[in-house]
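Here is the structure we will look at.
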Amino acid sequence: MQFTSEQRLDDGVLEREFTLGEIPGTLWTHGSAAPAPLILMAHNNGLPKEDGRLVARARHTAACGYAVATIDAAGCGDRPRSTADEQARADLRRAMQAGEPVDGIFEALVGPLVEKAAPEWRTTLDALLALPEIGGPVGYSGWTALGIRLAVSEPRIAAAGFFAGGYVPLTQREEARQITVPLLVLLQWDDEGNPRQRALDLFDSFGSKEKTLHANLGGHTGTPWFELEDGCRFLDRHLK
């Protein structure tokens, strides 16, 4: 892991850009004498790590005493996309403009993104936990489909927060039954791109004995800010 830049932000959080082979990432930390718990924070379906909503969530969470990391995994952000990815995105735009069904297209797009992203997130986790300022345990926050795969395959993840606002492939819907870590799931009740009943059915299928659903009125990007504060309290209960 090589750090390429750093800056101290006005809230006291240290923001550092890094590369790990071909993987670009960002790490936010807040000054602490003891190693901080780590939060892996991912945005839905390939959006870039510098997305404003993700950065705001990361800075707030770091200010609460966590190390927070995000990456642009394969096919995400500015990373090169495969021909199949580009075709799926073009098919999705065309189908949405025509008012046609899109689940099959999302399956072709999101499933491969998860398969490519999960190994790079695990590689990044290995490198981050080797840093002296970071300790365990590890939490996850963000993209549900990727979070399901990591929560099932990565035993170091002790708790997870999912945003029920993106398409979850059939494989991850089956894997959801294997999850056992505590979960906090956020659902926007009027999310036009995420059928409410499908999100509720997914929540029901999670195998965790401790799982909480927070549902708020509003569309896809309308999650209230207080949910971020509640999310940090959830992390505090399970990671500190």
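In this text the structure is predicted, and so the values were computed from the model without any measurement.
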Under the rule for side chain to side chain contact (heavy atoms under 4.5 Å, CB included), what residues qualify as partners of Glu192, not counting sequence neighbours? His220
Side chain to side chain donor-acceptor pair (under 3.5 Å) between Glu154 and Tyr140, worked out: CA-CA 11 Å; Glu154 180 46 72; Tyr140 174 89; over 6 Å; no
Any chance you could lay out the salt bridge (Lys or Arg N to Asp or Glu O under 4.0 Å) test for Asp201 and Arg196, step after step, and finish with the verdict? CA-CA 9 Å; Asp201 290 343; Arg196 184 186 307 163; over 6 Å; no
His238 versus Glu210, side-chain donor and acceptor atoms under 3.5 Å: yes
Distance from Arg122 atom CZ to Leu40 atom CG, nearest 0.5 Å? 11.5 Å
Side-chain donor-acceptor pair under 3.5 Å between Gln188 and Asn194, yes or no? no
Side chain of Arg79, backbone of Asp72: donor and acceptor closer than 3.5 Å? yes
Pairing donors with acceptors under 3.5 angstrom, does anything connect the side chains of Arg149 and Thr171? no
Under 3.5 Å donor-acceptor, Lys209 side chain and Thr180 backbone: no
Can any side-chain N or O of Arg8 pair as donor or acceptor with the backbone N or O of Gly12 at less than 3.5 Å? yes
With a 4.5 Å limit on heavy-atom distance, are the side chains of Lys211 and Val185 in contact? no
Any side-chain donor paired with an acceptor under 3.5 Å for Thr26 and Arg16? no
Give me the ring orientation class for Phe206 and Phe162: parallel if the planes are under 30° apart, tilted from 30 to 60°, perpendicular past 60°. tilted
Among side-chain atoms of Glu175 and Gln172, is any donor-acceptor pair under 3.5 angstrom? yes
Heavy-atom pair of closest approach, residues Ala199 and Ala164: CB-CB, 4.3 Å
So which of Gln2, Met1, Glu120 actually passes side-chain contact (heavy atoms from CB on, under 4.5 Å) with Leu20? Met1
